[in-house]
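These notes are about the structure you will find just below.
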Amino acid sequence: MGIQAAFMLPHPPLIVPEIGRGGEKEIQKTIDAYHACAKKLGSLQPETIVLLSPHHVMYADYFHISPGAGAEGDFGRFGAGQVTVNVSYDTKLVAELCRRADEKTASWD
């Protein structure tokens, strides 16, 4: 299946209640946008959600795809180490993207 939708959202740490400590109320429109996107995503029931971040590894001549089966982290650098995130990667999609990219770059030779 092709791309069903795309969303672009700001992601200030303040939005996490354990970090915002009430200050997140100042960005209510951003919170509302997250809820609207979540509702739309729920209605689409996508097989995979692709996240792009300006904070990830970046190169001038290619896109980096995170390796492995998943990632985990926390918000410790924002004083909320108890808030954790754990995600699983769609390894089949990663393999297919890499295969197609390799095919394409091989044809440039």
Side-chain angles (χ1 to χ4, degrees):
M1 179 175 286
I3 296 172
Q4 295 178 289
F7 306 94
M8 184 184 302
L9 295 164
H11 52 280
L14 180 69
I15 200 168
V16 178
E18 292 85 350
I19 297 170
R21 294 184 173 90
E24 65 275 13
K25 293 175 182 138
E26 296 175 26
I27 57 168
Q28 190 58 51
K29 287 184 181 180
T30 299
I31 293 168
D32 294 344
Y34 270 82
H35 287 286
C37 288
K39 185 175 181 178
K40 179 65 175 174
L41 276 170
S43 72
L44 293 171
Q45 298 181 355
E47 180 179 330
T48 297
I49 297 172
V50 177
L51 296 176
L52 304 175
S53 172
H55 305 294
H56 207 292
V57 177
M58 296 175 73
Y59 299 95
D61 56 345
Y62 68 93
F63 289 103
H64 175 81
I65 300 173
S66 296
E72 59 185 40
D74 63 49
F75 285 86
R77 73 181 240 201
F78 299 102
Q82 74 279 16
V83 180
T84 61
V85 177
N86 188 321
V87 297
S88 298
Y89 297 154
D90 183 337
T91 55
K92 289 180 183 177
L93 175 63
V94 169
E96 182 64 15
L97 285 172
C98 291
R99 184 189 68 74
R100 289 184 185 206
D102 288 342
E103 254 179 29
K104 193 59 114 176
T105 55
S107 70
W108 295 344
D109 295 334

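As the structure is a prediction and not an experimental result, all values here were calculated from the model.
Counting heavy-atom neighbours within 6.0 Å of Phe7 CZ, excluding the residue itself, gives a total above 12. In this structure, Gln28 places its CD atom where more than 12 heavy-atom neighbours from other residues, nucleotides or ligands lie under 6.0 Å away. Heavy atoms of other residues, nucleotides or ligands lying less than 6.0 angstrom from CD of Glu47 number 12 at most.
Closest of all the heavy-atom pairs between Pro54 and His11 is CD-CE1, 4.3 Å.
To the nearest 0.5 Å, atom CG of residue Asp74 and atom CD of residue Glu18 are 12.0 Å apart. Atom OG1 of Thr91 is separated from atom CD of Glu96 by 12.0 Å, given to the nearest 0.5 angstrom. In this structure, Leu14 CG and Arg21 CZ are separated by 11.0 Å, a value rounded to the nearest 0.5 Å. Here the SG atom belonging to Cys98 is positioned 9.0 Å from the CG atom belonging to Leu93, to the nearest 0.5 angstrom. Distance OH/Tyr89 to OG1/Thr48: 13.5 Å, rounded to 0.5 Å. Note: Cys37 SG to Lys39 NZ = 12.5 Å, rounded to the nearest 0.5 Å.
If you chain together hydrophobic residues whose side chains sit under 4.5 Å apart, Leu44 and Leu9 never meet in one group. With hydrophobic clusters built from ILVMFWY side chains whose heavy atoms lie under 4.5 angstrom apart, Leu51 does not share a cluster with Tyr34.
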Query raised in the report: Does the pair Ile65 and Leu97 meet the rule for a side chain to side chain contact (heavy atoms under 4.5 Å, CB included), with working shown?
Result: CA-CA 9 Å; Ile65 300 173; Leu97 285 172; 4.1 Å; yes
Query - Verdict with reasoning, Phe75 to Val85, per side chain to side chain contact (heavy atoms under 4.5 Å, CB included) - result: CA-CA 9 Å; Phe75 285 86; Val85 177; 3.9 Å; yes
Report task. Check the pair Ile31 / Ile15 against side chain to side chain contact (heavy atoms under 4.5 Å, CB included), numbers first and verdict last. Result -> CA-CA 7 Å; Ile31 293 168; Ile15 200 168; 3.7 Å; yes
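In this structure, Arg77 has no salt bridge (charged side-chain N to carboxylate O under 4.0 Å, His left out) partners at least two apart in sequence or on a different chain.
Looking at Pro13, Pro12, Pro17 one by one, the single match for side-chain contact (heavy atoms from CB on, under 4.5 Å) with Glu24 turns out to be Pro17.
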